[in-house]
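Accompanying notes for the structure given below.
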Amino acid sequence: MEAEAAKAKFVAVKEKFGRDLRVFETSGASSSLTQVSNDDESDDFYEFTAADYYRMLATKKTDKYLKTKKIREAEVAAHRSRITKTTIRVRFPDNHTLEVAFHPSEKIQSLFDLLSRMVTKPEVPFILYTTPPKKQIKDMSQDFYSAGLIPGAIVYFSNDMPNREDNAAVNCGPFLHEEVMSLKGLDVMPEPVEPIQATPEPVTTAPPPPVPQDPKAAGKKPVKPKWLKM
């Protein structure tokens, strides 16, 4: 009965949000790391520096001499075709993690749209970032593949208020709706599939092929042997 109830919850949530979701609680160690990462950073922290530019330029020059453009494009296309799913885990400051899968070609905007429907305070702006180092996800038009969030990634959630005191007030749980939180700790195992036994087909024995006869012998009349006397 518990398995049926858990399955019903997963089905109901998937029908509402259109995706398979999982919710679980992270450890205290990861919580402390998340809390440290949630500290506000200045705008200079996210600036693209001259050192970053020259380092990227040097990498591109090296690749240019090693491979042609067509070869690089072919390799990228082949790599993309092999990846059909990316698993994103969104960690919240209250130690809970939301797991959801996307296709690598989907836009990052789809993740933000999904979270906007799930959070308890949709009117409060929020940001997502990766760490380390802390890097805010700003380009919503990128797909997950182009953003490097494949075949899976952990992103961190934080409400984004201009005032530090207000930001501290809104960054306390719960962050997810009760309906989504009801999935916490639930895991539906795949139902066993009974093997299908194939009915053996009846074996039929083909009759032996006819022995070919010599047409000349068939046309001859029987000859009486000379030793036979009547």
Side-chain angles (χ1 to χ4, degrees), residues 2-41 85-104 106-132 134-140 142-144 147 149-190:
E2 292 182 0
E4 291 294 331
K7 185 177 180 180
K9 287 183 179 181
F10 277 104
V11 171
V13 172
K14 183 176 181 179
E15 288 181 353
K16 181 174 182 178
F17 297 103
R19 297 185 184 273
D20 290 316
L21 305 174
R22 289 184 62 224
V23 177
F24 50 90
E25 191 169 2
T26 52
S27 63
S30 60
S31 166
S32 61
L33 292 175
T34 304
Q35 194 64 34
V36 171
S37 299
N38 278 337
D39 293 339
D40 292 336
E41 302 285 354
K85 183 182 74 171
T86 180
T87 302
I88 303 298
R89 289 184 173 182
V90 184
R91 289 190 178 177
F92 295 87
D94 62 350
N95 299 345
H96 287 96
T97 297
L98 171 71
E99 182 180 285
V100 57
F102 293 89
H103 192 276
E106 290 186 80
K107 305 297 182 184
I108 295 179
Q109 181 67 52
S110 60
L111 173 59
F112 279 79
D113 294 341
L114 181 65
L115 291 175
S116 298
R117 298 169 55 198
M118 293 183 176
V119 294
T120 56
K121 304 180 183 72
E123 71 282 358
V124 178
F126 66 87
I127 64 171
L128 297 177
Y129 61 91
T130 56
T131 186
K134 185 175 180 180
K135 181 182 179 182
Q136 184 179 348
I137 301 174
K138 294 183 177 181
D139 190 355
M140 312 295 179
Q142 273 192 317
D143 57 36
F144 289 96
L149 304 178
I150 53 167
I154 298 175
V155 300
Y156 295 86
F157 176 98
S158 178
N159 284 314
D160 188 29
M161 297 292 287
N163 186 283
R164 182 181 292 269
E165 287 74 18
D166 295 339
N167 206 37
V170 296
N171 272 308
C172 57
F175 291 88
L176 294 170
H177 280 303
E178 184 177 353
E179 183 179 11
V180 181
M181 288 297 296
S182 67
L183 302 179
K184 176 182 175 182
L186 299 181
D187 195 7
V188 176
M189 300 297 292

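Because the structure is predicted, anything quoted here is derived from the model rather than measured.
- The side-chain heavy atoms of His96 and Leu98, taken from C-beta on, include no pair separated by under 4.5 Å.
- When every heavy atom of Phe17 is checked against every heavy atom of Val180, the shortest pair comes out as CE1-CG2, 3.8 Å.
- Screening Val119, Asp94, Ile127 against Phe157 for a side-chain contact (heavy atoms from CB on, under 4.5 Å) leaves a single residue, Val119.
- In this structure, OG1 on Thr130 lies 9.0 Å from OH on Tyr156, to the nearest 0.5 angstrom.
- Looking only at distances, a side-chain donor or acceptor of Thr26 sits under 3.5 Å from a matching main-chain atom of Asn95.
- The shortest heavy-atom contact between Ala147 and Gln142 is CB-OE1, 3.6 Å.
- Between the NE2 atom in His103 and the CD1 atom in Ile150 there is a gap of 11.0 Å [rounded to 0.5 Å].
- Every residue two or more places apart in sequence or in another chain that forms a salt bridge (Lys or Arg N to Asp or Glu O under 4.0 Å) with Lys16 is listed here: Glu179.
- Considering CG of Asp160 and CD of Gln136, their distance stands at 6.5 Å, rounded to 0.5 Å.
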Note to self: Under the criterion side chain to side chain contact (heavy atoms under 4.5 Å, CB included), I'd like the reasoning laid out for Leu115 against Phe92: C-alpha separation, chi angles, the key distance, then a yes or no.
What the structure shows: CA-CA 11 Å; Leu115 291 175; Phe92 295 87; 4.2 Å; yes

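- Between Ser116 and Phe126, some side-chain heavy-atom pair lies under the 4.5 Å cut-off.
- Side-chain contact check for Phe102 versus Leu114: some heavy-atom pair is nearer than 4.5 Å.
- With Thr86 contributing its side chain and Leu149 its backbone, the two residues share a donor-acceptor pair below 3.5 Å.
- Looking only at distances, no side-chain donor or acceptor of Thr97 sits under 3.5 Å from a matching main-chain atom of Arg89.
- Heavy-atom minimum distance, Lys85 versus Pro104: N-CD, 3.7 Å.
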Next item on the list: Applying side chain to side chain contact (heavy atoms under 4.5 Å, CB included), run through Phe24 and Glu99 and close with a yes or a no.
Entry: CA-CA 8 Å; Phe24 50 90; Glu99 182 180 285; 4.0 Å; yes

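- Taking the side chain to side chain contact (heavy atoms under 4.5 Å, CB included) definition, one finds that Leu183 meets it with Lys9, Phe10, Val13, Leu21, Val23, sequence neighbours left out.
- For the atom pair OG (Ser110) and CE (Met140), the distance works out to 11.0 Å, reported to the nearest 0.5 Å.
- The CE atom of Met181 lies 11.0 Å from the CZ atom of Phe175; values are rounded to the nearest 0.5 Å.
- Taking every heavy atom of both residues into account, Arg19 and Ala101 meet most closely at NH1-O, 3.2 Å.
- Here the straight-line distance linking atom CD1 of Ile137 with atom CD of Gln109 works out to 12.0 Å at 0.5 Å rounding.
- Shown here is Lys14, whose NZ atom has no more than 12 heavy atoms of other residues, nucleotides or ligands within 6.0 Å.
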Next item on the list: Given side chain to side chain contact (heavy atoms under 4.5 Å, CB included), test Asp113 with Arg117 step by step and report yes or no.
Entry: CA-CA 7 Å; Asp113 294 341; Arg117 298 169 55 198; 5.8 Å; no

